[in-house]
> 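Pasting a structure here, questions to come.
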Amino acid sequence: MIAKLQQFIGCAALVAACGNALLYSQAPSAAAKPQPDVLIFTDGEKLIGQLKSAKGDSVVFKSDMAGEITVAWSKIQELRTAHPFAIIGKNEKLRRHTDVSQVPQGNVAMTDQKIAVQAASGAPRTVPVPDAGFVVAQPDFEKAINREAGFFEDWGGAVTAGASIVQATQEAHTFTGTIALVRSEPTESWMNPSTRTLLDFSAAYGRVSQPGLPDIKTAIYHADAEEDKYLSPRLFGFGQAAFDHNYSQGLDLQQMYGGGLGWTLYKTAAAELDVKAAVSYIHQSFSESTSNESLIGSTFAEIYTHKFLHGILLNEQISATPAWNDTSAYFATGSASLTLPVHKRLAVSLTSLDTFLNDPPPGFRKNSFQFTAGLTYALK
C-alpha cells in the first residue's frame, strides 16, 4: 500500500513539473531592455545612460547615476549610441519638406574627435566633431522636417503687470500691463526661419483725485500685430497694423496699416538686429475733431535683442514715420526694456517708452515718456 502511494505521489509531481514547463514555454518572454548609450571621458571615467543632443562644442547626456549633464566634446574620449541620430553640419540650415538624404543619420560612434554614423544600410559616414553643428535624435529630426504646426501652436512671450496705489489727502491709482506674444516657425535653431507672428498690447492707466480739484487722468494704450514671411534666411516681407490711444497727447485713436521689407543685419545665438522699412496708411483722430488727418507715409524701424548671462534679456527698438502728404505730421517711438529673471518663469522688468507726436492739438505736449517697473511671467 505504501509503495503504491509513493508511486502515485511521484507521478503527480512529474505531471506538475511537466505542466509548469509547458506553462513557462508558452508565456511571452519579457521585453528586452533597450541598450544604453555609453560615454567615456578622456580620463577613463564612464557614464551609462542616453545621449540627448549636441550643439556646437557641447553634448547633453542623461546618465543613470549623475542625471542630465552638459559636457564639452573635447573632454570625451569615446561616445557610442544604440539609437539613431542625425548630424547637421555647422554651417548647414535646413527647410521643412526638403530632401535630407545627404544628412548623416544612424547610430553614432565617436572616437578621436570624429563621429562615425552607421545607417541601417550602407557604409558609415564620418563627420569631424568641429564640423558638427547639431546632433539630433532621429525621431525629433524627422518630426521637425515633416511637421505642419497649427496657428495655435508654438506661441511664446510674456505678460507683465505693475501697480501703484496711494491713499492720503490725494488718492492716486496707476496700473500698467503688457502682453507680448511671438510665434516663430520652425522652432528649431538648425532650420531656416519660415514665418514669424508678433502680437503686442500695452496699457497704462492712472488717476489722481483730491477734494475740491478736478481729477487728473492718464490713459495710454497700444496694440499691434505683424506677420513676417521669410524670403531668405535674412530677408523677409511683412504686413502690420497698429492702434494707439494717448489721452496725454490728445490722441483719441491712431490707426496705421502697412507693409514692407525687413533685413536681419546681425544674428548670433545671443543677439539679433533687424531693420525694416514699410509704406503705411495712417488715420489720426484727435480730441478736437477738426484736427483729424489721413496720411500716407513711410515707417523705418530697427529692433535689437540681446540675451546676456543668467537669462538677462535686453529689448530695444526705434521707429520713425514721416508723412508724404503732410510733412509736419510725423511721429516716432523708442523703447527699451531689461528683463531680470527672479525664479523660473518669473522676472522683474524695467521698461522705458518715449512717444513723439509732432502735431498734437493745441495745449498738448509733443513728447510722452513712460518708465515702468513690474513683474513678468514668461509664457514659454
Side-chain angles (χ1 to χ4, degrees), residues 157 160 176-183 195-205 218-231 235-264 273-305 315-337 351-361 364-370 372:
T160 303
T176 61
T178 63
I179 300 174
L181 302 177
V182 60
R183 176 179 179 267
T195 61
R196 179 172 58 185
T197 306
L198 305 170
L199 298 175
D200 295 288
F201 174 77
S202 63
Y205 178 84
T218 300
I220 302 173
Y221 305 107
H222 170 82
D224 67 71
E226 179 178 320
E227 178 73 13
D228 300 339
K229 178 66 176 179
Y230 280 85
L231 309 175
L235 178 66
F236 57 93
F238 67 91
Q240 63 181 1
F243 306 91
D244 288 277
H245 168 81
N246 194 324
Y247 181 84
S248 301
Q249 291 182 303
L251 181 65
D252 282 345
L253 179 63
Q254 176 178 276
Q255 306 172 60
M256 184 171 69
Y257 309 92
L261 293 174
W263 180 261
T264 302
L273 173 63
D274 293 348
V275 293
K276 300 189 295 184
V279 176
S280 305
Y281 166 78
I282 307 105
H283 183 76
Q284 296 176 333
S285 299
F286 294 95
S287 55
E288 297 180 6
S289 59
T290 56
S291 301
N292 296 347
E293 286 192 277
S294 293
L295 307 169
I296 301 293
S298 298
T299 300
F300 304 97
E302 65 86 15
I303 304 99
Y304 178 71
T305 61
N315 283 285
E316 177 270 330
Q317 54 184 301
I318 298 173
S319 68
T321 304
W324 298 345
N325 56 331
D326 185 349
T327 56
S328 65
Y330 57 87
F331 57 93
T333 61
S335 67
S337 67
T351 304
S352 63
L353 173 63
D354 193 293
T355 302
F356 179 84
L357 186 64
N358 190 59
D359 58 345
F364 289 91
R365 295 182 61 179
K366 296 182 178 182
N367 204 69
S368 172
F369 178 80
Q370 302 175 66
T372 60

> Distance-only, no hydrogens or angles: does the His245 side chain make a donor-acceptor pair with backbone N or O of Asp252 under 3.5 Å?
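The answer is yes, because a donor-acceptor pair under 3.5 Å joins these two groups.
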> Please give me the minimum heavy-atom distance between Trp324 and Ser298, naming the atom from each residue.
CZ2-OG, 2.9 Å
> If I compare all heavy atoms of Leu273 with all of Glu302, which pair ends up nearest, and what's the gap?
CD1-OE1, 3.5 Å
> Please report the interatomic distance CG(Leu231) to CH2(Trp263), rounded to the nearest 0.5 Å.
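Here the rounded value is 10.0 Å.
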> Have Ser248 and Ser368 got a donor and an acceptor in their side chains that come within less than 3.5 Å?
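No pair is found: no donor N or O on one side chain lies under 3.5 Å from an acceptor on the other.
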> Which is it for Thr176 and Gln370 under the side-chain contact (heavy atoms from CB on, under 4.5 Å) test, yes or no, and what are the steps along the way?
CA-CA 10 Å; Thr176 61; Gln370 302 175 66; 5.6 Å; no
> Quick one: pull up CZ in Phe243 and CG in Leu253 and give me the separation to the nearest 0.5 Å.
7.5 Å
> When rounded to the nearest 0.5 angstrom, what distance separates OG1 in Thr351 from CG in Asn315?
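Those atoms lie 9.0 Å apart.
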> Rounded to the nearest 0.5 Å, what's the gap from OH on Tyr257 to CD1 on Ile282? Could you check?
11.5 Å
> In Å, rounded to the nearest 0.5 Å, how long is the span from OG1 of Thr321 to CZ of Phe300?
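If I round to the nearest 0.5 Å, the distance is 9.0 Å.
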> If you round to the nearest 0.5 Å, how far is CD of Gln240 from CE of Met256?
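It comes to 5.0 Å.
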> Which heavy atom of Ala225 sits nearest a heavy atom of Leu199, and at what distance?
CB-CD2, 3.5 Å
> Less than 4.5 Å apart, side chain to side chain, heavy atoms only: is that true for Lys229 and Thr195?
yes
> Is it true that a side-chain atom of His283 and a backbone atom of Glu293 form a donor plus acceptor pair closer than 3.5 Å?
yes
> So which heavy atom on Ser335 is nearest to which on Leu353, and how close?
CB-CD1, 3.8 Å
> Verify, without hydrogens or angle tests, whether Asp274 (side chain) and Ile303 (backbone) share a donor-acceptor contact under 3.5 angstrom.
no
> side-chain hydrogen bond (donor to acceptor under 3.5 Å, both in side chains) with His222: which of Asn246, Asp244, Thr333?
Asp244
> Would you check, one step at a time, whether the test side-chain contact (heavy atoms from CB on, under 4.5 Å) holds for Phe236 with Thr264?
CA-CA 8 Å; Phe236 57 93; Thr264 302; 4.1 Å; yes
> Establish, yes or no, whether a centroid distance under 6.0 Å links the rings of Tyr247 and Tyr221.
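So the answer is no for these two rings.
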> How close do Leu251 and Phe286 get, heavy atom to heavy atom, and via which atoms?
CD1-CE2, 3.8 Å
> Using a strict cut-off of less than 4.0 Å between a Lys/Arg side-chain nitrogen and an Asp/Glu carboxylate oxygen, indicate whether Asp228 and Lys276 qualify as a salt bridge.
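The answer is no: the pair does not qualify as a salt bridge.
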> Please check this pair: side chain of Asn325 against backbone of Ile296, looking for a donor-acceptor N/O pair closer than 3.5 Å.
yes
> Between Asp200 and Thr178, is the side-chain contact (heavy atoms from CB on, under 4.5 Å) condition met? List the steps.
CA-CA 7 Å; Asp200 295 288; Thr178 63; over 6 Å; no
> How far apart are the closest heavy atoms of Ala329 and Ala323, and which atoms are they?
O-CB, 3.5 Å
